[in-house]
Amino acid sequence: MNEIRTIKLYSSLSGKKEVFEPIVPGRIGMYVCGPTVYNDVHLGNCRTFVSFDVIYRYLQHIGYKVRYVRNITDVGHLLDDGEDRMSKGARLDQLEPMEVAQKYTVGFHDMMRIFNTHSPSIEPRATGHIPEQIAMVQDIIDRGYGYIKNGSVYFDVIKFAKENPAVYGKLSGRVIDELLAESRENLKNQDEKNHPADFAIWIKASEEHIMRWKSPWSVGFPGWHLECSAMSTKYLGQTFDIHGGGGDLKFPHHENEVAQNFGACGCQPARYWLHANMLLLNGRKMSKSEGNTISPQELFSGDSSFVSKGYSPMVVKFFMLMAHYRSTLDITDDALLAAEKGFRKLMDTNKLLQGMSIDPRDFDGSESDTDRAILQLIDEAYQGMDDDFNTAMALASLNELGSYVNKLANKQIAAGEVAPWVLERLKTVFHTFISDILGLKDETSGDGDDTVDGLMELILDIRGMARAQKDWTTSDKIRDALAEVGIQVKDGKEGVSWSKQ
RNA sequence: GGUAUCGUGGCCGAGUGGUUAGGCACAGGUCUGCAAAACCUGCUACAGCGGUUCGAAUCCGCUCGAUACCUCCA
């Protein structure tokens, strides 16, 4: 068994990069906050889940057994008026809450498939874990951090923060004194909470509320942050390795999650907290109300004033991976155009590489500078991933490796300069990074379509014959006609190849 | 207002106390029947102002700007 590579990751809890050490050697428990299924999936959501998908894939690639839990939240998010989000959606659409949840869950899964992400190991639903949530509310009450008001249960943030000053606020950088000060002013517009910073963990359902369950305190429903605490505990244990999510969940969601877990068990839920950063559109945050937004579908179809054309899902994914997951990423048409070209080039290079072989008789038997450079770049690709999953760095190395591939194909590097085993290693690494780690796939080439491949072979063969006779009219006609249907013919030193644009 | 993060060349975007990130675009070249593709070369930047240092774009301070969070939000 190979030794697992040492990786570093940036944890929001400590605010710095740390060397990752699993609780159980060789195994990782990772929890990522999934979507609330009351709406079509947001593009920013896609970036977060693509980021964690790559993290999941890489951890597995380097040898960890990973249990990846990503929830579906189908209850528990409150609106301003206290109405549950799910039931509001239900009323508007005249659907059962579960119907709404089902519809958007399916849509979410479709989108994740379009982005070629792996399914989590477990995808628990909040409504499927009501008993666990009720049990956790009881634990919190038993440990003195919950109080009951008219059938609802609230988490006593002030008491918790005072008794655990090193815990509350650490993740999001909140200052407890400020929390206390701020509150006095707000004390007048009181609701049931003792303090504005407190939050509901169980809510008594009003008469017309459709989603309701029996509990010791009332017929009601669980609070918004509780499902993640309860489900992560159930499937990964009280303390697990990695907790992830979008950066905007840091506060209050994750901070309160920590408080709940700590309040229930006296321990930190996760050792490392990872947060993916936001997506911007033309330098500004995406906002529906300001019209500064684009949906995944609009991005794919080009049906939006923000883009000049449609971009395929893999181009969008590649674009996301060109940036580090912890940086904000600005979507612009120019940037997407650049990503599209870069992606196609990488795919073409990979295709070229996978078809290459070196005749051992050409190999001069010595290790060359080229060999060393290639091995060095491969190492750098891995180092990039080891360093907080820096996909941008890994892609930069792949691009540089790609230039060697092309040079080799163009005979600008002699075949004898690359050792056969180095070429094999390069082929494996390229394929591994593109398919297994980054989860990219070539969506434009013939993709094993024998009919298309056969036809293209015939067409290019005829063109070759025409060219041999210097019949430029015929050969150019073929080239131009193919270009019109989006097929680019590439005349190389080693013969003709083609790719779909 | 409070709290964070960030501000990199024409565009996007890594990185970082002293050495070329990478992609796209652009210019020149090689190759080619022509073109495309590919390859080579060039464009060498780190918001502004101070400070620390032998040396800072990288550390510190201030200013300006951006983004996020401050109980809807990936």
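Every heavy atom of this structure was used, including side-chain atoms; hydrogens, water molecules and symmetry mates were not. Proteins get letters first, then strands, A, B, ... in listed order; numbering begins at 1 in each.
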Check: Can you tell me how far P of B:rA74 sits from CZ of A:Arg326, to the nearest Å?
Finding: 21 Å
Note to self: Once you apply a heavy-atom cut-off of 4.0 Å, does A:Val489 come out as touching a base, just sugar-phosphate, or nothing?
What the structure shows: base
Check: Are A:Lys309 and A:Glu340 within salt-bridge range, i.e. N to O under 4.0 Å?
Finding: yes
Note to self: What's A:Gly245 touching, base or sugar-phosphate or nothing? Going by heavy atoms closer than 4.0 Å.
What the structure shows: sugar-phosphate
Next item on the list: Using the P atom as the reference point in each nucleotide, state the distance between B:rA37 and B:rC24 in Å, no decimals.
Entry: 11 Å
Note to self: Taking the minimum atom-to-atom distance to the side chain of A:Gln488, which one of B:rA36, B:rC73, B:rG33 wins?
What the structure shows: B:rA36
Notebook entry, point to check: Are A:Arg479 and A:Asp491 ion-paired here, with the side-chain N under 4.0 Å from a carboxylate O?
Noted result: no
Next item on the list: Output the single nucleotide from B:rA37, B:rC39, B:rG13 whose closest atom is nearest the side chain of A:Lys407.
Entry: B:rC39
Next item on the list: Give the rounded distance in Å between these two atoms: CD of A:Glu417 and P of B:rC39.
Entry: 16 Å
Note to self: When you compare the ring of A:Phe49 with the six-membered ring of B:rA74's base, are the centres less than 5.5 Å apart and the planes under 30° from each other?
What the structure shows: no
Item checked: Distance in angstrom units between A:Asp471 CG and B:rC34 C1', rounded -> 14 Å
Notebook entry, point to check: To the side chain of A:Lys490, which of B:rC70, B:rA14, B:rA37 is closest?
Noted result: B:rA37
Next item on the list: Look at A:Asp471 together with A:Arg467 and state whether they make a salt bridge at an N to O cut-off of under 4.0 Å.
Entry: no
Notebook entry, point to check: Taking CZ from A:Phe251 and C1' from B:rC69, how many angstroms apart are they, rounded to a whole number?
Noted result: 9 Å
Next item on the list: Have a look at A:Asp198 and say if it touches a base, only the backbone sugar-phosphate, or nothing, with a 4.0 Å heavy-atom cut-off.
Entry: base
Notebook entry, point to check: Between A:His225 and A:Glu255, do the side chains contain an N or O donor and an N or O acceptor separated by less than 3.5 Å?
Noted result: no
Check: With rounding to whole Å, what would you report as the distance between B:rG50 and B:rG15 at their P atoms?
Finding: 29 Å
Checklist line | N/O (side chain, A:Asn410) to phosphate O (OP1/OP2, B:rC39) under 4.0 Å | finding: no
Next item on the list: Using the P atom as the reference point in each nucleotide, state the distance between B:rU20 and B:rA36 in Å, no decimals.
Entry: 31 Å
Notebook entry, point to check: Thinking salt bridges, do A:Asp110 and A:Arg113 make one under a 4.0 Å N-O criterion?
Noted result: yes
Margin query: Taking A:Lys8 first and then A:Asp386, would you say they form a salt bridge - that is, a charged N and a carboxylate O separated by under 4.0 Å?
Written below: no
Next item on the list: Go through RNA chain B and write down every stem, that is, every run of at least three consecutive Watson-Crick or G-U wobble pairs with distances under 3.5 Å, as range with range.
Entry: B:1-7 with B:64-70, B:10-12 with B:22-24, B:26-30 with B:38-42, B:47-51 with B:59-63
Item checked: B:rC54 and B:rU44, which share atom name P, separated by this distance in whole Å -> 30 Å
Notebook entry, point to check: Using the C1' atom in both, what is the distance from B:rC43 to B:rC26, to the nearest Å?
Noted result: 8 Å
Next item on the list: Measure the shortest side-chain to side-chain distance between A:Val167 and A:Val258 over non-hydrogen atoms and say whether it is less than 4.5 angstrom.
Entry: yes
Check: Tell me: CZ of A:Arg479 to C1' of B:rA37, nearest whole Å?
Finding: 11 Å
Next item on the list: Could you tell me whether the phosphate oxygens of B:rA14, OP1 or OP2, come under 4.0 Å of any side-chain nitrogen or oxygen in A:Ser327?
Entry: yes
Next item on the list: In plain terms, say whether A:Lys17 and A:Asp387 are close enough for a salt bridge, that is, a side-chain N and a carboxylate O under 4.0 Å apart.
Entry: yes
Check: Looking across every strand, which nucleic acid part, if any, lies under 4.0 Å from A:Ala323 by heavy atom: base, sugar-phosphate, or nothing?
Finding: sugar-phosphate
Notebook entry, point to check: If you look at every strand shown and take non-hydrogen atoms under 4.0 Å, does A:Asp330 touch a base, only sugar-phosphate, or nothing?
Noted result: sugar-phosphate
Check: How is A:Gly283 classified with respect to the nucleic acid when contacts are heavy atoms under 4.0 Å: base, sugar-phosphate, or nothing?
Finding: sugar-phosphate
Next item on the list: Take atom P in B:rG23 and the same atom in B:rG42, then report the distance between them in whole Å.
Entry: 14 Å
Check: Looking for any heavy atom pair under 4.0 Å, which part of the strands does A:His42 touch: base, sugar-phosphate only, or nothing?
Finding: base
Margin query: Measuring only between side-chain heavy atoms, which start at C-beta, is A:Val157 closer than 4.5 Å to A:His195?
Written below: no
Item checked: Between B:rA74 (P) and A:Tyr31 (OH): distance, integer Å -> 13 Å
Check: Under 3.5 Å, is there an N or O donor on one side and an acceptor on the other linking the side chain of A:Asp491 and the base of B:rA35?
Finding: yes
Notebook entry, point to check: Would A:Asn256 and A:Gln260 count as having a side-chain donor-acceptor pair, cut-off 3.5 Å?
Noted result: no
Notebook entry, point to check: With respect to the side chain of A:Arg284, which nucleotide from B:rC34, B:rA14, B:rA66 is positioned closest?
Noted result: B:rA66
Next item on the list: For each nucleotide in nucleotides 19-28 of chain B, reading 5' to 3', give B when a protein heavy atom comes within less than 4.0 Å of its base, S when such contact involves only the sugar-phosphate, and - otherwise.
Entry: --BSBSS---
Margin query: From C-beta outward on A:Arg467, which listed nucleotide comes closest to its side chain: B:rA74, B:rG15, B:rU32?
Written below: B:rU32
Note to self: A:Asn277: which residues meet the side-chain hydrogen bond (donor to acceptor under 3.5 Å, both in side chains) condition with it, sequence neighbours left out?
What the structure shows: none
Next item on the list: Calculate the interatomic distance between A:Leu329 atom CG and B:rC6 atom C1'; express it in whole Å.
Entry: 14 Å
Next item on the list: Would you mind reading off the distance between A:Gln383 atom CD and B:rA14 atom P, rounded to a whole angstrom?
Entry: 19 Å
Margin query: Please report the distance separating the P of B:rA21 from the corresponding atom of B:rG7, rounded so that it comes out in whole Å.
Written below: 16 Å
Next item on the list: Using a strict 4.0 Å threshold on nitrogen-to-oxygen distance, state whether A:Asp369 and A:Arg372 make a salt bridge.
Entry: yes
Notebook entry, point to check: Quick one: does A:Asn390 reach the base of B:rG15 with a side-chain donor-acceptor pair under 3.5 Å?
Noted result: no
